[in-house]
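The structure under discussion appears below in the form of structure tokens.
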Amino acid sequence: MAVKIPQGVRGMNDTFPEESVAWQALEGDLRALLALYGYGEVRLPLLESTDLFARAIGDVTDIVQKEMYTFVDRNGDSLTLRPEGTAGCARAAIQARRLRGQTPRFYYLGPMFRHERPQKGRYRQFHQLGVEVFGLSAASIDAEVIALSARVLRTAGVTASLQINSLGSPAARLRYRALLLDYLRPRRAELCVDCRERMEHNPLRVLDCKVAVCQDIAHAAPRLVDHLDEDSFLHFNSLQGLLTALEIPYQINHRLVRGLDYYNRTVFEWVTDALGAQGTVLAGGRYDGLVAQLGGADTPAMGFAVGLERLLALQRLQSGVADVVPPLLFLGALEDAAVARTWQIAERLRDAGLSVVTGGPTHFKQLMKQAERSRARFQGMVGGEQLAGAALRLKEQAGNGQWQGSLNAIHEGLHSLGVDFPERAPHTVRNFATARTSL
RNA sequence: GUGGCUGUAGCUCAGUCGGUAGAGUCCCGGAUUGUGAUUCCGGUUGUCGCGGGUUCGAGCCCCGUCAGCCACCCCA
């Protein structure tokens with residue numbers, strides 16, 4: 001009787017060991033880097049109340065209008081799988097009163113969910129590293145965060161180009177919006193249909209359109225930088241000076257406007273043309289109004305997010321990703337009677353912190369194939385002869401190293417073949433002892 | 001949400017005019033072999049993505065649907 005095979009949810013991927021080592025390596029490198037800058041991890045829920053995202057991201061954005069995974073829980077509350085991390089992070093910081101005092105520098109790492117049509121570099125469950133700083137309004141923190149973002153890319157071994165812009169204060173942005181509309185309205189008929197729609201709810205996005213006609217119109221449009229408020233203008237100048245001092249090359253992109261409502265002043269993006277249509281690998285900016293908007297004390301904030309699938313894809317293209325680390329030793333048992341002894345030896349070597357995989361009991365030929373496939377550095381086969389005292393042979397699989405000796409002397413054998421034993425075996429005695437004393 | 005392309009063995013792919021499931025590779029078990037091999041025997045290589053329709057008969061034709069890829073849109 002045929003049973004229907006369950007299918008994973010569209011746009012959500014499973015990751016197997018060959019692939020997950022690259023994730024682990026990247027995540028490890030990033031965590032180490034963040035510690036270097038004094039950022040600490042916040043672990044946030046994947047679910048928030050739907051209302052939070054509507055208020056934070058802006059309820060006319062595509063994300064809120066048509067991309068959220070929203071459901072009603074058993075209490076009748078409307079909950080949403082987070083489509084981005086900033087809203088939840090701000091909510092948590094407000095709730096835990098972490099907005100002042102020692103300057104909060106946070107990061108988070110994990111899955112986000114958006115119901116979009118999957119394509120290259122875009123999935124329904126995807127992963128972001130996000131960084132958020134609260135309470136600092138000076139351009140110096142913008143420079144710090146952008147420098148950190150530059151090093152995120154450098155750490156991953158990828159290159160992209162930095163584009164920056166300033167959206168000014170909300171008031172200046174509103175004034176500019178009116179100016180832009182005055183400019184666009186007479187040209188409305190020339191714009192593409194999407195842009196005519198954009199004029200209604202988010203005219204700044206017309207500047208970002210890919211259609212040639214719209215780009216021409218956008219190039220001749222009044223520029224945001226020319227209509228910034230005084231403070232934002234100075235802030236932007238100050239940031240540029242700092243980026244130059246830090247030797248971080250950038251381009252000012254007057255048409256760079258971010259999609260989320262909460263941004264003001266500095267916005268930035270690292271872009272590449274190596275990933276097809278999804279060229280933005282890392283993006284962020286300042287969101288001074290969000291915390292107050294969510295009911296917290298008026299607190300400036302700055303942050304960014306990196307798409308880890310995109311970062312990894314770029315890494316795979318540009319510098320290669322981490323590969324599986326093969327075990328040190330393959331130990332095979334040639335017959336039932338040899339299993340117990342072989343497994344004991346494997347356990348002893350693991351006590352000493354060495355990685356050992358076992359095989360058998362089965363025929364010699366099978367074991368040889370298994371040994372080769374394991375990619376272990378060394379290989380040894382245990383049968384009745386070894387149990388009776390005959391010499392065990394250790395062989396280097398990819399080289400010529402060899403050793404023969406008694407089963408009990410396998411430590412010495414490995415040592416003579418050049419194996420370094422760890423100072424302390426991390427997975428054994430220490431954990432056992434801690435467990436006992438804490439109980 | 002819209003559009004284009006593609007779904008056959010674990011993998012890479014054939015499959016003619018609609019007429020009985022194929023190759024290579026890999027994998028598994030057994031015999032021989034005590035060190036990377038060979039040989040021999042045997043095996044799953046499969047609801048031809050799924051569901052319907054036409055037909056005496058569908059991997060092939062028609063409709064629907066799902067998934068993957070790419071682009072639009074949007075975003076990291």
Could you work out the separation of B:rA14 and B:rC73 based on their C1' atoms and round it to a whole Å? 39 Å

I'd like the P distance from B:rG29 over to B:rC72, given in whole Å. 49 Å

Just jot down the side chain to side chain contact (heavy atoms under 4.5 Å, CB included) partners of A:Ile94, sequence neighbours excluded, or say none. A:Leu99, A:Val291, A:Leu294

Would you mind writing out the side-chain donor-acceptor pairs for residues 152-160 of chain A within the sub-3.5 Å range, not counting sequence neighbours?
unit_1	atom_1	unit_2	atom_2	d
A:Thr155	OG1	A:Arg151	O	2.7

So, is A:Gln65 close to the B:rG1 phosphate, meaning a side-chain N or O under 4.0 Å from OP1 or OP2? no

Spatial distance of atom CG (A:Leu275) from atom NZ (A:Lys120) [nearest 0.5 Å]: 7.5 Å

Measuring only the P atom in each nucleotide, how far is B:rG51 from B:rA67? A whole number of Å is fine. 16 Å

All side chain to side chain contact (heavy atoms under 4.5 Å, CB included) counterparts of A:Val271, not counting sequence neighbours: A:Ser161, A:Gln163, A:Glu269, A:Thr280

Pairing of A:Glu372 and A:Lys369 as salt bridge, 4.0 angstrom limit: no

List in chain and number order the residues that pass side-chain hydrogen bond (donor to acceptor under 3.5 Å, both in side chains) with A:Glu116, two or more places apart in sequence or in another chain; answer none if no residue qualifies. none

Looking only at atom C1', what distance separates B:rG19 and B:rA58, rounded to whole Å? 10 Å

Which residue pairs pass the ring pair (Phe, Tyr, Trp, His ring centres under 6.0 Å) test when at least one of the two sits in residues 108-155 of chain A, sequence neighbours left out? A:Trp23-A:His127, A:Tyr69-A:His115

Using the P atom as the point on both nucleotides, what is the distance between B:rC26 and B:rA21, in whole Å? 27 Å

Show every ring pair (Phe, Tyr, Trp, His ring centres under 6.0 Å) that has at least one partner inside residues 246-265 of chain A, sequence neighbours left out. A:Tyr262-A:Tyr287

Quote, to the nearest angstrom, the P distance that separates B:rA9 from B:rG49. 8 Å

Measure CD/A:Gln370 against P/B:rC27 and give the value in whole Å, please. 11 Å

For the C1' atoms, the ones on B:rG59 and on B:rC50, what distance do you get once it is rounded to whole angstrom? 14 Å

I want to check one thing: is the phosphate of B:rG30, taken as OP1 and OP2, less than 4.0 Å away from some side-chain N or O of A:His363? yes

Atom-pair distance (CG on A:Leu367; P on B:rG29), nearest Å: 11 Å

Heavy-atom protein contacts under 4.0 Å, nucleotides 70-76 of chain B, coded B base, S sugar-phosphate only, - none: SBBBBBB

N/O donor-acceptor pairs under 3.5 Å from side chains in residues 138-145 of chain A, not counting sequence neighbours:
unit_1	atom_1	unit_2	atom_2	d
A:Asp142	OD1	A:Arg286	NE	3.2
A:Asp142	OD1	A:Arg286	NH2	2.5
A:Asp142	OD2	A:His235	NE2	2.9
A:Asp142	OD2	A:Thr266	OG1	2.6
A:Asp142	OD2	A:Arg286	NE	3.3
A:Glu144	OE1	A:Arg105	NH2	2.9
A:Glu144	OE2	A:Tyr39	OH	2.6
A:Glu144	OE2	A:Arg105	NE	2.8
A:Glu144	OE2	A:Arg105	NH2	3.3

Sequence neighbours excluded, which residues qualify as side chain to side chain contact (heavy atoms under 4.5 Å, CB included) partners of A:Arg375? A:Asp323, A:Val324, A:Pro326

Among A:Val64, A:Thr70, A:Val72, the one residue meeting side-chain contact (heavy atoms from CB on, under 4.5 Å) with A:Thr50: A:Thr70

Each nucleotide of nucleotides 34-46 of chain B classed B (base within 4.0 Å of a protein heavy atom), S (only sugar-phosphate) or -, in 5' to 3' order, makes BBB--B-------

Using the test side chain to side chain contact (heavy atoms under 4.5 Å, CB included), find all partners of A:Gln402 that sit at least two apart in sequence or belong to another chain. A:Lys395

Per-residue pairing states of RNA chain B in dot-bracket (Watson-Crick or G-U under 3.5 Å; . unpaired, | other strand) read (((((((..((((.....[..)))).(((((.......))))).....(((((..]....))))))))))))....

B:rA23 versus B:rG15 - spacing of their P atoms, nearest Å: 15 Å

